[in-house]
2 protein chains.
Amino acid sequence: MEYRERILRFIEEIKTSCLPSVSMDFVVFGFHEGQLKVLLLKWQGVDTWMLPGGRVRMDENMEDAAYRSLRERTGLAEVFLQQFHTFGNVIRNTYYAMEETRTKLGFSAEDFEGLPHRDISVGFYALVEYTKVNPTPGLELALDPFTEQIQWCNVEEVPQLLFDHNEMIQVALKTLRRQLSYQPIGYTLLPDQFTMPQLQQLYETILGQRLDRRNFQKRMLSYGILERGEKFQNGGAYKAPYLYRFDREKYQQALAEERLLVV
Amino acid sequence: MEYRERILRFIEEIKTSCLPSVSMDFVVFGFHEGQLKVLLLKWQGVDTWMLPGGRVRMDENMEDAAYRSLRERTGLAEVFLQQFHTFGNVIRNTYYAMEETRTKLGFSAEDFEGLPHRDISVGFYALVEYTKVNPTPGLELALDPFTEQIQWCNVEEVPQLLFDHNEMIQVALKTLRRQLSYQPIGYTLLPDQFTMPQLQQLYETILGQRLDRRNFQKRMLSYGILERGEKFQNGGAYKAPYLYRFDREKYQQALAEERLLVV
DNA sequence: CATCGTTGTGTATATTTAACACAATGATAC
DNA sequence: GTATCATTGTGTTAAATATACACAACGATG
């Protein structure tokens, strides 16, 4: 199918099969080499980054739509996904790049007619295991003919984004910090097995503050949600740390009872 | 203006000047005689209660729309208002009473054509001072020609409501409890002056548990956000309690620093 | 003027949180 | 081989906080 044709079909699909004036935006967090990362994408013809988004089909639950969108982007079926805020300001769309994009791609105003000019956007944050993610540009899947590039970016180094997406990331981060004690942050951001220092680094990165190594370990073990495994030697000139994995059942139970307060 | 005419105008207004497929619902909390109350309303021709709702105008920020809707309903300009969750399930609308209402009122399907058949609804909870509220049925204001009755109901005695509104109240309550320590719950639900037992009763009602009288007082005073006034005698056979009022500035500061943990 | 329910304040105890010290490990340099 | 170094695992102590509880003061009532 030709490129122009694909875009026209895409627009037609949005107009006919998706809820008008409602969109979703995703703040996808990953953790790699001691850094908290977020997934960003770029539209073809626009040189500013933005968050991945999605739309809700007419007969689709919003939560299902969110999982679907994220699966299409990351290839992950099992992720932690949660709405954190709904953004409804008119000025959200002040820096809308749709017009710019349209012009650059050589489409007429009529081609894009009927698309909503203003959206309410439901913000979701997702916690995914960095190594398992396969960022997929929409171009390859025909799911979004605008998306050219998609890649991870350190949370501290996020550039100026389109729309209110910078604010979205900040609100998502704030929510993440607040929910650290009653959401399964650990086993959705870390690989199956991990060391205590890794776990601590994750918490420190999210909270943005140092924690006492000894008290942290004591506390984590006291929750009774960790299983200790073998020792792990990665070649450093130091004592080998133990590998741990989460006891999912006990973790869930502790979360339900909100016993995992950290700070 | 005739009744039928008013409804047709109302529908036309929604279709032309409000965002399609987005609505708002409000869980309005008040506190009176030791009871947490919530504002419910009834449509004409339907004998099931529901939550007050609203819509966002095309050129209006969603938050502004929420304040406007609530002002129209309660007559209050200054309320604490905050979104707590966005509801997007399709089955939300399974028990939709719109059709039923339409038939009972003698309107044809064409009259109601073009109205969205499925909404995403942003849930807000509001904290208002019970005595200052003047519940206003839409009929009197032409703001909502369906609403016949509006009144307070004890949170524990809420009947089966339309749509997913019972769930909404539960989620709002959960959020309220969780945010008790970093939101200005106190001075939005209580009158300007209040006694310590009143304040405690409020906290106990929201949290759904008893608190130690002495420790509660000690803690509240330790925050340094209360100003003690005169003694207050309401005629009971007991020692007169002091009246307090909040030092708004210090309260705000304590909230910002999240120092008001209660349980 | 004794009684009763309620309010204000204090104090002792238990629990939790925070601060800190030391031994063990395993690669590296000499 | 052995000393060095960064890092890990565990314990101990002091401070802060939360909890439990006791008593005196007040003001209407009979």
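The chains referred to below are lettered A, B, ... by the order of the sequence lines, with proteins before strands, and numbering in each begins at 1. Predicted model only: the values in this text are computed from it and were never measured.
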Separation of dT6(C) atom C1' from Gln198(B) atom CD, nearest Å, is 14 Å
Arg213(A) meets the side chain to side chain contact (heavy atoms under 4.5 Å, CB included) criterion, sequence neighbours left out, with Gln200(A)
Side chain to side chain contact (heavy atoms under 4.5 Å, CB included) filter on Gln83(A), not counting sequence neighbours, yields Met62(A), Glu63(A), Val122(A), Phe124(A), His85(B), Thr86(B)
With sequence neighbours left out, the residues meeting side chain to side chain contact (heavy atoms under 4.5 Å, CB included) with Arg228(B) are Gln217(B), Tyr242(B), Tyr244(B)
Counting primed atoms, P, OP1 and OP2 as sugar-phosphate and everything else as base, the B/S/- map of nucleotides 8-14 of chain C against protein heavy atoms under 4.0 Å is BBBB---
Sequence neighbours excluded, the answer for side chain to side chain contact (heavy atoms under 4.5 Å, CB included) partners of Tyr67(B) is Val79(B), Leu81(B)
In residues 32-39 of chain B, what donor-acceptor pairs under 3.5 Å come from side-chain atoms, sequence neighbours left out?
unit_1   : atom_1 : unit_2    : atom_2 : d
Lys37(B) : NZ     : Asn154(B) : OD1    : 3.0

In whole angstroms, the gap separating C1' of dA19(C) from CG of Leu211(A) amounts to 14 Å
